[in-house]
**Q** 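A single structure is presented below for examination.
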There are 4 protein chains.
Amino acid sequence: MADDTGHREGRESGAKAGHDNERDTMIRTKLKDGTLKLYELEKELTPIDAIRVRRGFIEQETGTALDNIGIFSIDIERVVKRNCENMIGTVQVPVGVAGPIRINGGHALGEYWLPLATTEGALVASVNRGCSAISKAGGADVRILHDGMTRAPVFATDSIIHAVQVCDWVTAHRDELKTAAESTTSHGKLTGIVTFVAGTSVYVRLEFDTKDAMGMNMVTIASAKVADLISQATKARLIALSGNMCTDKKPAAINGIMGRGRSVVAGVALSHDLITKVFKTDAKSLVEVNYRKNLVGSARAGAMGFNAHAANVVAAMFIACGQDAAHAIDGSTCITTIDPTETGVYVAVTLPSLPVGTVGGGTGVETQQECLKLLGVAGSGSPPGTNAKKLGEIIGAAVLAGELSLLGALAAQHLARAHQQLGRG
Amino acid sequence: MADDTGHREGRESGAKAGHDNERDTMIRTKLKDGTLKLYELEKELTPIDAIRVRRGFIEQETGTALDNIGIFSIDIERVVKRNCENMIGTVQVPVGVAGPIRINGGHALGEYWLPLATTEGALVASVNRGCSAISKAGGADVRILHDGMTRAPVFATDSIIHAVQVCDWVTAHRDELKTAAESTTSHGKLTGIVTFVAGTSVYVRLEFDTKDAMGMNMVTIASAKVADLISQATKARLIALSGNMCTDKKPAAINGIMGRGRSVVAGVALSHDLITKVFKTDAKSLVEVNYRKNLVGSARAGAMGFNAHAANVVAAMFIACGQDAAHAIDGSTCITTIDPTETGVYVAVTLPSLPVGTVGGGTGVETQQECLKLLGVAGSGSPPGTNAKKLGEIIGAAVLAGELSLLGALAAQHLARAHQQLGRG
Amino acid sequence: MADDTGHREGRESGAKAGHDNERDTMIRTKLKDGTLKLYELEKELTPIDAIRVRRGFIEQETGTALDNIGIFSIDIERVVKRNCENMIGTVQVPVGVAGPIRINGGHALGEYWLPLATTEGALVASVNRGCSAISKAGGADVRILHDGMTRAPVFATDSIIHAVQVCDWVTAHRDELKTAAESTTSHGKLTGIVTFVAGTSVYVRLEFDTKDAMGMNMVTIASAKVADLISQATKARLIALSGNMCTDKKPAAINGIMGRGRSVVAGVALSHDLITKVFKTDAKSLVEVNYRKNLVGSARAGAMGFNAHAANVVAAMFIACGQDAAHAIDGSTCITTIDPTETGVYVAVTLPSLPVGTVGGGTGVETQQECLKLLGVAGSGSPPGTNAKKLGEIIGAAVLAGELSLLGALAAQHLARAHQQLGRG
Amino acid sequence: MADDTGHREGRESGAKAGHDNERDTMIRTKLKDGTLKLYELEKELTPIDAIRVRRGFIEQETGTALDNIGIFSIDIERVVKRNCENMIGTVQVPVGVAGPIRINGGHALGEYWLPLATTEGALVASVNRGCSAISKAGGADVRILHDGMTRAPVFATDSIIHAVQVCDWVTAHRDELKTAAESTTSHGKLTGIVTFVAGTSVYVRLEFDTKDAMGMNMVTIASAKVADLISQATKARLIALSGNMCTDKKPAAINGIMGRGRSVVAGVALSHDLITKVFKTDAKSLVEVNYRKNLVGSARAGAMGFNAHAANVVAAMFIACGQDAAHAIDGSTCITTIDPTETGVYVAVTLPSLPVGTVGGGTGVETQQECLKLLGVAGSGSPPGTNAKKLGEIIGAAVLAGELSLLGALAAQHLARAHQQLGRG
């Protein structure tokens, strides 16, 4: 089933080797003497050749063979335009599957096989065990609590009086700003404007419904339009389109409190019997591990995440599914709770801020697209937004599976043994 | 240069298709009726066949073609043992290069081409511009401030009196615990033991010099040994080998204050002239953007990171170089500073906690290994530890380049335009 | 002018000493043998006698003379009912004045003398110097950004599905809940309801306009009513009337982001000339101290406050003015900013969460009441709420004065000398 | 027992009224026309007269009678020199007692009556109930975990290379710096030096054993000496004697992790029977309240404190005992834990950072001194340091009592009723 034509670079370049070599030598000379920049190769060559020549140049410069990086099957034309400049090839990240996991979500309903791209031994096995427990328990409850992507431009004002005037102006012109913002995008809707003052700095946090896109791109463009209007009307100086109250790719309380991307909560009730059978431990131990580790331990460490390894699962799902890997940070702020119940425990994960999309970004790269298809969430949903919400719910359930499994393992004091056997790095 | 034999799966499976199909059908029936588990395939088949059959099963179950995921060149034998269970193939993550960047580190010295695995358009171009500015300025100063990987088992005691006794016992038996810990590893050295009390919970934070390994694996095994000794001697109950004061894969103040992995600081002096030429802005604007966005904006947002997009660069370098992607979180806690100077500005990034390694984990996967080779840091250094330190310094410099470039772009209010042109998602 | 009749306890008790002694002895015997509880004294005696007898009992029990604690002039009748149980007397906290400070607030307009209750040498002098600089600069700009006191009961639900249902119910019954809340109070208005989910826990953050009261009392009573309704309608179990998302008396990001009490911002422009004359330093040094200490230093320390000593001023004003001293914590989360300007600097303090009131609590105690009168904010304002807002603005300006002065002193490296001379503890 | 001579101001001023009035009028004229500053009064008059005249001036300026503020018995001579500039009198803060509480500390052993200075109705009653439960349970276990007061000067360097050199120099000259630091103080001992780098800023956190003093004063003076040496030797510019990594009067993770002042932990085991009798609730409810409110609620709020109202108790004890009220902030970072046990619960409070002293600061003011005497900790201990440690332990136990009581009340859903009855503001 592996598509031979996919392995295109090797062959295409092989086919016209003679002609290419001459041109390549000339280009390398130009690169060497600086008359041609490495990023200008796409202007002179087809993408596939540009990548090859660039890789060759780097091999020469560093004395390193990059054979494997040069083997790939993804469609380069789009990637070099949209996803990656100065491309020399790809890294191959192993994908394992965990599941099936039964999910009873607001959007995701049914059984899912989870693709996880990782090199951390034991992770897929761990999530797999969690999926098994969840499915046996009847499935994971999952809900989207909030949905909105944000940008917060920062403005400089002359005084705190001026700062307050800017806020007042923004509040008085919400409709106008909304219209302006939405004029820049065919899909996005401006759903919230909140202003913050810190001395003479004014932060205007704009929130959008970005449908199936993660949406940073559309939100940034729309925010630029809004920021210009504010700046013109109030004489506040626009300092940066992102003033860090967005907050993008930094752990931040504001995202926990106000939400960013898809806010997801997932939970499952496990019976005493299931806890014993799947995790070789008991309800009391699970509760105690969560209490002393995830709650008290994190509190004592000054941590902003109250979970075992939510970021592991989020990162692996994100890389598999073409999400922005740096957004795995948001996954790390997960709160994991384990309530003792009469029949066993109720375990839940709360992810207040999970930026995901099923269109745009890396979702179009073929391998990543296949992972999205595997989950039934590739491309735009019907109605728009449902695929991204579904993906958010699936990742929420996956995090629940990962938490359950690691906490179970810790409870059973099996962690070290698992590490020794599976070689987690 | 693309290695046709690398594209091995497609061809091998094609070669013995007839025979395989029969066996495959039988296996799929077993998978279907549950008499064979998906993760047991490697017991029945060679890794390459197990992956193929598993993928086929998933394709059938989900009605999704996974053609591209099935195309890869990496050595499967090791990967299925060490990096990924239930493997079905790989995702291909585009790799671009930025550079060269001149680095004046304590360990990394010279010019480097940075491999960045990303699907976020504009990121490589952005880092590239930063590299150019840094190199023109004479290179990035970089130093490792601290080096140590940690695990903090949590114990339950009967009372706060008992808790204090456990701490006292640990303090009195440091040498014994050190010997025990080091008996489990050929490379690791126990370099620190600190105890923390929270009510009846005792956290023993163990710090190790893990040489060129990121070291979580060896540290976990060594900690298990130490934890057993403590538990036996003090009657404290071991609750979890990781008590979240490690802190792994959660943003945590303790990592900022005590360090975890390699603590890296990088800086560069830019002249007024360079700021104007490369960034089309001026010193005052750069300082103001950093002040209102990275410092005041992050403070106002309750953020634990004071930077523009350090996590982007860390995540892209980590994925390219076979690091644990979930550790990109630590990169997100970077503090970026811009000091006005008489001649321009001094820009610096401080990454108190960067867990990196050049052996173990995903570093052995061929494509990732090639990225490490590109940087001259593959495998163990001489003396041991220098390669990992070098990698830490290179990533520190890369983050500096990324910060410089984005802050420069914001200062020049070019961000939105850049997004529109390059399609960042 | 000191009112001799104020010194009432000593004399009254002296007047009927013979008779009292006999009764006192009997009571002490009862206290000793446990047939009378210390807190039951007010049932047997007048407040003034109860205090005297209780103090005598404590003196006897501990062998300590409490002469000074027994000297006070405040009206005991109300205090023992509303402010303090088991009273034995008072501590006298020295009050100094700083000022006058010119304030150009939204509510406070004119010159104010600030009463500061403190035992920290140099504090009043420091604030005084700041007042002088501010007044010379034309006064402090001050504004109230937001106004609302909060309580957030926490409920337990059976599952995350149930949790979401509770949130939905609350959203659908806002008007009903508002009516119920406001039925419990003659002044308070319910101005906001926000729900938060963490696993199976639901937090309903209720915000009220409490007019001139700090309002915790009325808000708690109103929240109890709301909580009962929610509990009855949704079958969610009320766990605690305060679920820590209020957040009361703990530093919390939610208060910074959503505000609590009066959110205040104050600023002032200082000319180069003024900086030199008053602070013996220059604009550049002030900016650098704030940058390296208040911004970068706090970030590096994992601090939730970005200021020099805002809490000092807030605590001293709070104790003087009968506010809840534990609320000084909110003052500590202040963000202090210093912008370089063409003419010097613009210095500002942002206090997102300052719970203050001019009625209720300790505001009625005579000495504290006099401090409020001194500021022209005692009792209810016209319209209601304006006095509390005025007090919030005055404290904001006072914090600005304190920050200016200490940062100026640090800039001039005078801190140690000031300490040696003034004996700050 | 109330000392009539204590009421000195009123009478003394009355005695020589005629003569005074003339001089007073002259002085007021000078104050009015600015030829005499308000803070210069002590140069012209005795302290008692200066206070009277100043108060009179303020009364005139503000049209407010300050009768009660003028009534006090404390020794003014020392106060105006050491505790408060520009003094006009005192505020009287009601003091109630809670107890007795049995404490089984490392330093505090026996039964204690706790003085609480507060105007928050119900607080003393609440702590009292907690004391009763603790004493019935056999007493509170308390221990000092760590002891050390800190200052962290911040230095500016030219580059990150220079910054690292400064750190290296400090490390290499520890003994020299220790000698220099200790030359400035008769009591303090330098017990720790840790360096931190953030870009070009270097923070040198100096820790001292300050014996019975809270110690900020001595530490600041000693730090000035150390800072000068560092600055001279390394050419690093001293920016501020306090660089906010101390961290003083701001909630900060570094204080939680490294400790500041006295780090205290206190705990008590409560039987099922006691929980029922004293708190009218059960173990399970107590555990659940703590879990959903103090742990999950605080986590969800982005709080730095995981307790119910520790700051209330710390503030009330601090004001009563002449501590620095702004340091109550440190109390607010308390972590409260409730473990279910076979026999009931074990409740504990962990206060990683509690700056207390029994000499210096406000401890010498007579009313506050009496509160310290009541606790048997006034003045210097034998050996030095034991009194302050004892005070730390007592406050730890008091916080435990407060937490127990409020959590018990919440568990029993009695909070609102208590508020209605006792009028907490």
**Q** Heavy-atom distances under 4.5 Å only: say whether B:Val197 touches chain A with side chain, backbone, both or neither.
**A** backbone
**Q** Using the side chain to side chain contact (heavy atoms under 4.5 Å, CB included) definition, which of the options B:Asn86, B:Ile88, B:Leu38 pairs with A:Trp113?
**A** B:Leu38
**Q** Using non-hydrogen atoms and a 4.5 Å limit, figure out which bit of A:Thr62 sits close to chain B: side chain, backbone, both or neither.
**A** side chain
**Q** Is it the backbone or the side chain of A:Ala326 that comes under 4.5 Å from a heavy atom of chain B, or both, or neither?
**A** both
**Q** Report the residues that fulfil salt bridge (Lys or Arg N to Asp or Glu O under 4.0 Å) with B:Arg292, sequence neighbours left out, ordered by chain and then residue number.
**A** B:Glu288, C:Asp339
**Q** Select one option (side chain, backbone, both, neither) describing which atoms of B:Ala152 are under 4.5 Å from chain A's heavy atoms.
**A** neither
**Q** State which residue, out of B:Val91, B:Val93, B:Leu66, fulfils the side chain to side chain contact (heavy atoms under 4.5 Å, CB included) condition with A:Thr367.
**A** B:Val91
**Q** Check whether B:Arg205 gets within reach of chain A through its side chain, its backbone, both or neither, counting any heavy atom under 4.5 Å.
**A** neither
**Q** Salt-bridge test for A:Arg55 and B:Glu370: reply yes if a basic N is under 4.0 Å from a carboxylate O, no otherwise.
**A** no
**Q** Output yes when a side-chain donor or acceptor of B:Glu85 lies under 3.5 Å from a complementary backbone atom of A:Ala122, and no otherwise.
**A** yes
**Q** Going by the rule salt bridge (Lys or Arg N to Asp or Glu O under 4.0 Å), which residues pair with B:Lys293 if we only count those two or more places apart in sequence or in a different chain?
**A** none
**Q** Is the shortest side-chain heavy-atom distance between B:Ile329 and A:Pro251 below 4.5 Å?
**A** no
**Q** Checking heavy atoms, do the side chain of B:Ala117, its backbone, both or neither come under 4.5 Å from chain A?
**A** side chain
**Q** What part of B:Ser201 gets within 4.5 angstrom of chain A, counting heavy atoms only: side chain, backbone, both, or neither?
**A** both
